[in-house]
Number of protein chains: 2
Amino acid sequence: MARDEQALSTAVEQSAAVLTAAGFPKMPARVLMALLVADEGGLTAAELGESLGVSAAAISGAVRYLRSLGIIHRMPHPGSRRERWEIFDDAWYTALAGKNSVYGTFAETAAQAIDAIGDPESAGARRTGEMVAFFRFIEGKMPELLTEWEALRAASASAPVE
Amino acid sequence: MARDEQALSTAVEQSAAVLTAAGFPKMPARVLMALLVADEGGLTAAELGESLGVSAAAISGAVRYLRSLGIIHRMPHPGSRRERWEIFDDAWYTALAGKNSVYGTFAETAAQAIDAIGDPESAGARRTGEMVAFFRFIEGKMPELLTEWEALRAASASAPVE
DNA sequence: AGGGAGATTCACAAATTTGTGAATCAGGCG
DNA sequence: CGCCTGATTCACAAATTTGTGAATCTCCCT
């Protein structure tokens, strides 16, 4: 079965839209998905621009954003001047771990509200305390979850996809 | 110890800022935090507006958004005309479960890209397949995690907060 | 019923975000 | 050594999002 560019483009756009709805910036989401489904060797900025129908400048901005998140990297160029961008294999893993720490900082910031409320018996303090505990719990569990994933992944190392 | 409104307001704003950075709309985030730390009985739209320094209209919009997410509800009014808004106790739990299903739909949308690529041996198909598997794994694990949290929560039912 | 407090909605204004074109920079190749 | 392809940055334009004021609606209370 050959590459169905039409259907692929649709899938890329739809996936990017889901990411966008989840709060991810639009152009980075599209670039990310394009790189995800790309063949070995990554894509150049020009290729990305053409495939997504946007200017080189937009690509550059999106690429900078994604690099700052540490989920893509520039390929050690084969020899030509063309810079190739490639997604890290563990990008999603990393992204989730990063989001996890966001949960953590959120919990710690909110914990300050408990002190400000003063009375630990009050509804607000109780409610806030529960939320803080919840996110601390989630944050604490996440490493475990990721370890489990790694184990699973290693187990089915060269097994077929999907 | 009495309520330190100054510090409380700061904590509310900072927590809201963290949520905003994570992709949550600004005003809903602020309203959510204000309701989180509120005393028993919730707050009226007017109280929210005053406490956050914004117009009643802005509150109304934020409240509609939060209600659509199912994380706040209008209190069965005591008798007065004033509508009181209150956060659900399991709001965060619910929110995470909801976000979880976002992961799921993302995975399923992206899975379509694999078919479009055709060759399952290609780098793109392998990479995408791995991502899909990862998010399916996370989605599958989440219920377990939440169950565990419920158990923990029930265990320390009337234990002190924080 | 009528008055009035409060919530909600609407059209518009402000502000932030997003994408573009033109200019600039970088470095491989003739 | 200088041209030429391609990446990057900048200032600005477009567009989407966000918040406001005024008008409208709701419904309790007399």
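Throughout, a chain's letter reflects where its sequence line sits, starting with A, and its residues are numbered from 1. Computation of the quantities below employed the complete heavy-atom set of this structure, encompassing side-chain atoms and omitting hydrogens, waters and symmetry-equivalent molecules. What you see is a predicted model; the values in this text were computed from it and never measured.
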Taking distance alone, no hydrogens or angles, what donor-acceptor pairs closer than 3.5 Å link side-chain atoms of residues 17-31 of chain A to residues at least two apart or in another chain?
from: Thr20(A); atom 1: OG1; to: Ala16(A); atom 2: O; distance (Å): 2.9
from: Arg30(A); atom 1: NE; to: Glu13(A); atom 2: OE1; distance (Å): 3.1
from: Arg30(A); atom 1: NE; to: Glu13(A); atom 2: OE2; distance (Å): 3.2
from: Arg30(A); atom 1: NH2; to: Glu13(A); atom 2: OE2; distance (Å): 3.0
from: Arg30(A); atom 1: NH2; to: Leu52(A); atom 2: O; distance (Å): 2.9

(request) Round to the nearest Å and state the distance from Arg74(B) atom CZ to dT8(C) atom C1'. (result) 10 Å
(message) Could you measure the distance from the OG1 atom of Thr44(A) to the CD atom of Glu83(A)? Nearest 0.5 Å is fine.
(response) 10.0 Å
(request) Could you name each residue pair satisfying salt bridge (Lys or Arg N to Asp or Glu O under 4.0 Å) that touches residues 39-56 of chain A, not counting sequence neighbours? (result) Arg3(A)-Asp39(A), Glu47(A)-Arg84(A)
(request) Let me know the distance between CZ of Arg84(B) and P of dC27(D), rounded to the nearest Å. (result) 19 Å
(message) Assess whether a salt bridge exists between Glu148(A) and Lys141(B), defined as any Lys/Arg side-chain N lying under 4.0 Å from an Asp/Glu carboxylate O.
(response) yes
(request) Answer yes or no: is there a side-chain heavy-atom contact under 4.5 Å between Phe134(A) and Leu146(B)? (result) yes
(message) When you compare the side chain of Asp115(A) with that of Leu8(B), does any pair of heavy atoms fall below 4.5 Å?
(response) no
(request) Please name all residues satisfying salt bridge (charged side-chain N to carboxylate O under 4.0 Å, His left out) with Glu150(A), sequence neighbours left out, ordered by chain then number. (result) none
Please list, one pair per line, the donor and acceptor atoms closer than 3.5 Å that link side chains of residues 59-72 of chain A to other protein atoms, with sequence neighbours excluded.
from: Ser68(A); atom 1: OG; to: Tyr65(A); atom 2: O; distance (Å): 2.6

(request) Could you list by number each residue of residues 41-67 of chain A showing a heavy-atom separation from DNA chain D of less than 4.0 Å, or answer none if no residue does? (result) Thr44(A), Ala45(A), Ala46(A), Ala56(A), Ala57(A), Ser60(A), Arg64(A)
(request) Output the residues of residues 14-33 of chain B in contact with DNA chain C, where contact means a heavy atom of the residue under 4.0 Å from an atom of the strand; sort by number or write none. (result) none
